[in-house]
Structures are given as C-alpha cells and as structure tokens.
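The structure appears below as structure tokens.
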Amino acid sequence: MPETSWLPADPYGDIAERMRVHQAPIPGSKWRLRDMLALAGMVLLGLLCVVLIPGFLYDVEHQEITWVLGLLGIWRYGWWFNHAQRARRYERDKFPGIRSHCDRIWNGGWRPRHLHVQMTTYYEEEAITRHVIKALLDQIREIGVPATIWVGSGARHDERIIEEVVWEHGADLDAEVAFIRQNQPGKRMAIGLVMRAIIRTAPDDDDLILFMDGDAILGPGVLARCCAMFGADAKLEALTTDEEAITYGPSWMRRWLNMRFAQRRLAMQSHAMSDKVLTLTGRMSMFRARQICNLSFVRTIEADFLDHWLWGRFRFLSGDDKSTWYFLLGRGAKMLYVPDVCVYTVEVIKGSGRDRMVQNLRRWSGNMLRNGARALQLGPGKVGWFIWWCVLDQRLAIWTMLVSPTLILLSLILDPGYVWIALSWILVSRLVLSLFLFRYAKRPDLTWPFLLYANQLLNASVKSFMIFFPHKQRWANRGGQRAQHEVSLAYRAKSAVALFQFVTVALVFIQVVALVLGSGALFQTF
C-alpha cells in the first residue's frame with residue numbers, strides 16, 4: 001500500500017508556515033535536554049564498545065582488522081576533518097569579507113542591467129507553483145531590476161497558474177513573462193529552448209541569468225545578495241546557494257533529507273575555498289550571461305553525452321546541473337557558494353519513500369559518475385588540485401565505504417568476533433562524523449549516525465553498480481522518464497559483459513578483504 005497516511009487534507013496549505021519555522025532563530029541553545037541525554041548515552045555506548053568488547057584494538061589475533069580500520073579511518077576521516085576545517089575557514093574568514101564588499105557595491109547603487117529567469121516546470125502542484133512565482137515576483141520588486149521570466153513548460157496547466165499569479169502580484173513590475181512550450185520531452189530540451197530564446201534577445205555579457213526549478217521557493221534576500229556577488233567580482237561566472245527541503249512524506253525521509261543538506265553545506269563551503277563547487281545545483285543557480293549565451297553551452301544542455309567503451313555513445317537524461325558545471329569547469333570559470341541565503345525546495349513523496357530514496361540516489365550517483373570521469377580527464381591544472389582530488393575521492397570512497405559491511409559478512413563465516421569490532425567501528429565513527437554535521441543543522445538529530453551509515457552504504461552500493469551500467473537512467477520527477485534502449489541481442493550481450501565485470505570486481509574486492517583478514521584461503525575458489 002502506498003505510504004500516504006501522513007498526507008493532511010490540504011497537503012500544501014502550510015508551505016509558508018513551514019518556511020517561517022525554518023527561518024525563525026531558535027531561542028536559547030539548539031541542544032535540548034533530551035538530545036544531550038541521548039548523545040551522552042551514545043557516547044557511553046561507544047566507549048563501552050571500545051573498552052569491553054574482546055579483541056577490539058588490543059588482541060594480537062585481530063591486529064589485521066585494527067590496521068585496516070585504522071588506516072582507512074586516518075584516510076577517510078582525516079579527509080572529512082579537512083573538509084570541516086576548510087568549511088569553517090570559509091564561513092568565518094573568507095565569506096564575511098566577500099559579503100561586506102558585496103554590500104558596499106549594492107548599497108552604492110550597482111545593479112545588473114537585466115535579469116533573465118530560466119524556469120522549467122512540468123505539471124507542478126498548483127500550491128507550490130503559486131508560492132514559487134509569488135516569492136520570485138516579490139524579490140524582483142525588491143531589487144528593482146528589469147526582468148524577463150522565461151518559463152519552459154510542458155502543458156497549459158502550469159502556464160495558466162503562472163499567469164494568474166503574475167496578474168495578481170506582478171502587474172506593477174518592470175517584468176514580463178514568456179512561455180516557451182517545449183516540443184520535445186525532457187527538462188534538458190526545455191532549458192535549451194529557453195536559452196535559445198534568451199540568446200535571440202542579445203543579452204549583454206554582464207546580464208545575469210537565474211536557473212531555477214518550478215518547485216524552488218526563494219528565501220528572503222536571495223536575488224539581492226546573489227546579484228551583488230557579480231557586481232563585486234568581475235571574474236565570478238556562476239554561483240549556487242544554501243538549500244533546505246520542505247518535505248511532505250514519511251518522517252524518516254525528512255530526517256534523511258535534512259542530513260543530506262547538512263552534508264551539502266559542509267562540503268560546499270569547503271569546495272568554495274578553492275573558488276569552485278562540485279555542482280551548480282539545478283534547483284537554483286545564477287550565471288553571468290557571457291559564458292553561457294552561446295550555442296556550445298546550449299548543445300551541452302540539450303544533447304550532452306558520454307562515449308563509453310562498452311555502451312557506446314548515449315545521451316544524458318537528467319543531470320543538467322552537472323553539465324553546466326562541467327561546461328564552466330572546462331573553461332576555468334570561478335564559481336562560489338553563497339551560504340547566507342536559502343532556497344526552499346518542496347519535496348512531495350508519493351508512494352514508497354524507500355523507492356524514492358533509491359531512485360534519487362541512483363540519479364544523483366549516475367550523474368556524479370558520468371560527469372566525474374570526464375572532469376578528471378581535464379586534469380588538476382585546469383580544475384585545480386583540490387577540486388580534482390575531490391572528484392577522484394568520490395570514486396575511491398565507493399570501495400572504502402564497502403569495507404566494513406564486507407567485514408561483517410565475512411565475519412559471519414570466519415570469526416563472529418569481527419562482527420562486534422565492525423559494528424563498534426560503525427557506531428563510533430558515524431557518531432563522530434554526525435557531531436560535525438550537527439553544526440550545520442537547525443537542531444541535532446540523534447538518528448543521523450544511523451541514517452548516515454545507511455545512506456553511505458546504499459549510495460556506495462548504487463554507485464558500484466552504476467560504474468558498469470552508466471547508461472541506465474530514470475527520472476521520477478519528470479513523469480517517470482527513462483532512457484530508452486533497444487532490447488536486442490547486442491544489448492543483451494553488452495548487459496551480460498557488464499554484469500560479468502560487476503560480479504568479478506565484487507568477488508575480487510571480497511577476496512582482497514578476506515586476504516587482509518588472513519583468511520583468504522577460504523575464497524580461493526573465486
């Protein structure tokens with residue numbers, strides 16, 4: 001049965017109230033007594049695991065696992081701590097100076113000549129569309145800049161709603177709305193048609209183009225503070241902002257998304273120290289016109305593709321934000337993350353939350369792998385050493401993340417004592433990582449250590465599969481859009497080869513872990 005019992009009678013009537021709750025400061029400490037007690041209990045449990053479980057760290061017979069987990073821990077969590085301190089430096093040292101300079105430029109009267117808004121929408125919920133358009137119109141009024149809202153739509157349903165909101169809330173603005181009805185399916189084609197229309201207006205190089213989705217609601221001050229960034233830095237080509245989810249779905253899904261956005265804040269701030277980001281988020285990003293108002297960019301969006309030795313050439317279905325990122329990355333463009341403004345995305349989970357989670361991870365992982373491979377080929381000289389290593393590390397982390405679950409599975413056969421060691425490691429390590437994430441959360445959530453491990457495990461499993469099947473694509477947000485493949489003898493043969501590779505690599509990985517444990521003889525038949 002679909003998981004819809006959580007839906008109220010009017011499921012989207014409280015969007016504005018939920019946004020106010022997100023924006024309101026927490027009185028006093030964000031740590032409640034129950035959270036502190038729960039944290040103390042988890043810390044005590046972790047200490048007991050370290051001290052009392054036989055063989056943990058101290059037993060000579062188990063020294064292999066101590067070395068394996070210790071070295072992996074130094075690498076993985078040393079890298080995590082590096083991200084954490086970089087994020088702290090960006091938040092405390094670098095960004096305040098940027099914002100101060102931007103405020104002086106903006107308050108001094110600088111404004112962009114024109115703002116173009118590129119928005120795509122596809123049978124969006126009416127209440128969500130009304131909130132999105134009203135917030136956009138209010139902020140266009142606030143900045144006082146001539147604007148054109150280009151709506152890439154797929155149906156009259158969305159256009160009618162937008163027209164009503166514009167007549168009601170934007171009749172006094174120096175702004176116009178242009179609907180570009182797409183004649184081919186897919187968000188990429190809608191963006192391409194809008195960009196072609198913008199190019200025909202011959203925008204100035206320094207005009208600004210806002211990319212946003214039809215379910216992204218601008219929080220207070222987004223347009224003013226983002227536009228000011230371009231006025232203050234002539235080299236800046238693109239930026240993206242903080243993001244928060246307003247989730248209508250199971251409570252565990254809301255907790256999972258909140259955790260992912262906390263991870264995003266930490267990572268984005270760390271990457272921004274190098275004047276780059278790892279994605280120009282499709283929900284909302286802003287660009288300077290000079291880099292993207294050309295047919296090369298348009299074709300990258302419309303028909304981006306990858307050449308694979310087995311699967312040949314296939315076009316990307318989703319991941320337009322990764323394509324824009326790759327296009328600018330290859331041109332050495334400066335990109336930034338703006339942490340002091342927030343865009344709210346409305347996530348409506350219909351049906352199974354578990355299925356939606358897997359679909360999202362599959363889409364995100366596929367986009368990352370497809371674009372990460374070619375970003376590495378640009379080389380650290382073009383990308384920058386830190387960002388280049390971040391892209392490489394995303395691929396290495398797939399396998400390091402699978403070490404502990406592999407240890408647990410092998411332990412059930414080889415030595416049950418290892419199970420407790422691995423479980424202890426998981427509890428202690430994810431609790432430590434969550435302590436860093438709590439800094440980027442409105443309130444600490446003590447389910448995060450468990451959600452973090454489940455997310456990492458599922459994400460690594462999905463990525464390891466997608467390495468060998470990069471052509472498999474599905475986008476639930478666009479009507480269940482899938483990549484179409486001809487089911488032929490050649491396709492079945494390619495699938496068999498890819499499956500053979502996947503199984504072989506998985507068995508070799510298990511063999512290596514078993515050898516490290518000193519029990520590889522049991523797996524020599526593989």
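All heavy atoms count here, side chains included; hydrogens, waters and symmetry mates do not.
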With D233 as reference, evaluate H101, R288, K334 under the side chain to side chain donor-acceptor pair (under 3.5 Å) test and give the passing residue.
K334
Is there a donor-acceptor pair under 3.5 Å between the side chain of D158 and the backbone N or O of E124?
yes
Classify the ring geometry of H271 against H83: parallel below 30°, tilted from 30° to 60°, perpendicular beyond 60°.
perpendicular
Which residues satisfy the side-chain hydrogen bond (donor to acceptor under 3.5 Å, both in side chains) test with Y440, sequence neighbours excluded?
none
Over-ring placement of R255 relative to F450, 6.0 Å and 45° cut-offs
no
Checking salt bridge (Lys or Arg N to Asp or Glu O under 4.0 Å) for the pair D93/R88: CA distance, chi angles, key distance, verdict?
CA-CA 8 Å; D93 301 328; R88 178 63 173 159; over 6 Å; no
Flag the pair C390 / W79 as yes when at least one side-chain heavy-atom distance between them is below 4.5 Å, and no otherwise.
yes
Under the side-chain contact (heavy atoms from CB on, under 4.5 Å) test, which residues partner K382, sequence neighbours left out?
L378
Checking H116 against F287 for the ring-ring contact (aromatic ring centres under 6.0 Å, His included) test, could you report, in this order, the C-alpha distance in whole Å, the side-chain angles of both residues, the deciding distance, and whether it holds?
CA-CA 10 Å; H116 296 272; F287 302 83; over 10 Å; no
Results of salt bridge (Lys or Arg N to Asp or Glu O under 4.0 Å) for R196 - residues two or more places apart only
E302
Would S434 and R430 count as a side-chain hydrogen bond (donor to acceptor under 3.5 Å, both in side chains) if you check the C-alpha gap in whole Å, the side-chain angles of each, and the deciding distance to 0.1 Å?
CA-CA 6 Å; S434 296; R430 271 55 183 189; over 6 Å; no
Taking every non-hydrogen atom, the tightest pair across T281 and S285:
O-OG, 2.7 Å
Give a yes or no on whether the backbone of G282 and the side-chain of D321 come within a donor-acceptor separation of less than 3.5 Å.
yes
We want to know whether R374 and N371 form a side-chain donor-acceptor pair, criterion being a heavy-atom distance below 3.5 angstrom.
yes
Can you confirm whether R34 is buried at CZ, in the sense that more than 12 heavy atoms of other residues, nucleotides or ligands lie under 6.0 Å from that atom?
no
Nearest atoms (heavy-atom pairs only) where A84 meets L266:
N-CD2, 4.1 Å
Pair E347-R18, salt bridge (Lys or Arg N to Asp or Glu O under 4.0 Å): steps then yes or no:
CA-CA 13 Å; E347 292 284 349; R18 291 198 183 199; over 6 Å; no
Check the pair E164, R130 against salt bridge (Lys or Arg N to Asp or Glu O under 4.0 Å), reporting the backbone distance first and the verdict last.
CA-CA 9 Å; E164 292 177 0; R130 290 184 177 277; 2.5 Å; yes
For the pair T120 and V194, evaluate side-chain contact (heavy atoms from CB on, under 4.5 Å) and give the outcome as yes or no after the intermediate values.
CA-CA 9 Å; T120 55; V194 169; 5.6 Å; no
Got a donor-acceptor contact below 3.5 angstrom from the N294 side chain to the S296 backbone?
yes
Between Y337 and Y90, how do the two ring planes meet: parallel, tilted or perpendicular, split at 30° and 60°?
tilted
Working note: Y453 + M401, criterion side-chain contact (heavy atoms from CB on, under 4.5 Å); need CA distance, chi angles, decisive distance, verdict.
CA-CA 9 Å; Y453 184 71; M401 177 56 225; 3.3 Å; yes
Please check if any side-chain donor atom of S429 sits under 3.5 Å from a side-chain acceptor atom of R76, or the reverse.
no
Test your reading of the model: is there a side-chain donor-acceptor pair from N258 to the backbone of R254, 3.5 Å cut-off?
yes
Note, L136 side chain near M212 side chain (heavy atom, < 4.5 Å)
yes
Is the backbone of F327 close enough, under 3.5 Å, to the side chain of R331 for a donor and an acceptor to pair up by distance?
yes
Just by modelled atom types, is the A333 backbone N or O under 3.5 Å from a matching donor or acceptor in the E237 side chain?
no
T241-R225 side chain donor-acceptor pair, cut-off 3.5 Å
no
Please find the pair of heavy atoms, one from Q118 and one from I191, that lie closest to each other, and give the distance.
OE1-CG1, 3.6 Å
Heavy-atom side-chain contact between R156 and R181 under 4.5 Å:
yes
Do the side chain of K134 and the main chain of V165 share a donor and acceptor less than 3.5 angstrom apart?
no
Step-by-step side-chain contact (heavy atoms from CB on, under 4.5 Å) determination, M286 to F230
CA-CA 9 Å; M286 187 175 284; F230 291 90; 3.6 Å; yes
Stepwise, does the side-chain contact (heavy atoms from CB on, under 4.5 Å) test hold for L39 with L435?
CA-CA 10 Å; L39 177 61; L435 291 176; 3.8 Å; yes
Heavy-atom neighbours of W75 CH2 exceed 12 at 6.0 Å
yes
Working for salt bridge (Lys or Arg N to Asp or Glu O under 4.0 Å), residues R260 and E243:
CA-CA 10 Å; R260 284 192 63 91; E243 191 175 337; over 6 Å; no
Cation-aromatic face contact R443/W31, 6.0 Å, 45 degrees:
no
Determine yes or no for a side-chain-to-main-chain donor-acceptor pair under 3.5 angstrom, with K187 supplying the side chain and Y122 the backbone.
no
Can you name the side-chain hydrogen bond (donor to acceptor under 3.5 Å, both in side chains) partners of T447, sequence neighbours left out?
D445
Minimum heavy-atom distance between R395 and G372, given as atom pair plus value
NH1-C, 4.2 Å
Do L115 and I143 come close enough that some side-chain heavy atom pair is under 4.5 Å?
yes
Non-hydrogen atoms of I209 and I292 that approach each other most closely
CD1-CD1, 3.8 Å
Do the side chains of R141 and D172 get nearer than 4.5 Å, heavy atoms only?
yes
Using side-chain heavy atoms (C-beta onward) and a distance below 4.5 Å, is W106 in contact with D103?
no
Aromatic ring pairing F297/F211, orientation class (parallel under 30°, perpendicular over 60°, tilted between):
perpendicular
Ring of F436, cation from R439 - is the NZ or CZ under 6.0 Å from the centre and inside 45° of the axis?
no
Backbone N or O of V277 within a donor-acceptor pair of the W325 side chain at under 3.5 Å?
yes
What orientation do W448 and F438 show, parallel under 30°, tilted 30 to 60°, or perpendicular over 60°?
tilted
Applying ring-ring contact (aromatic ring centres under 6.0 Å, His included), can you list everything that pairs with Y77, at least two apart in sequence or on another chain?
W425
May I ask you to test the R86-S274 pair for a side-chain heavy-atom distance under 4.5 Å?
yes
Between the main-chain N or O of M284 and the side-chain N or O of T240, is there a donor-acceptor pair closer than 3.5 Å?
yes
Are any non-hydrogen side-chain atoms of D206 and R113 less than 4.5 angstrom apart?
no
Do any pairs count as a ring pair (Phe, Tyr, Trp, His ring centres under 6.0 Å) and have a residue in residues 175-205, sequence neighbours left out, and if so which ones?
none
Of T148, D174, T201, which meets side chain to side chain donor-acceptor pair (under 3.5 Å) against H114?
T148
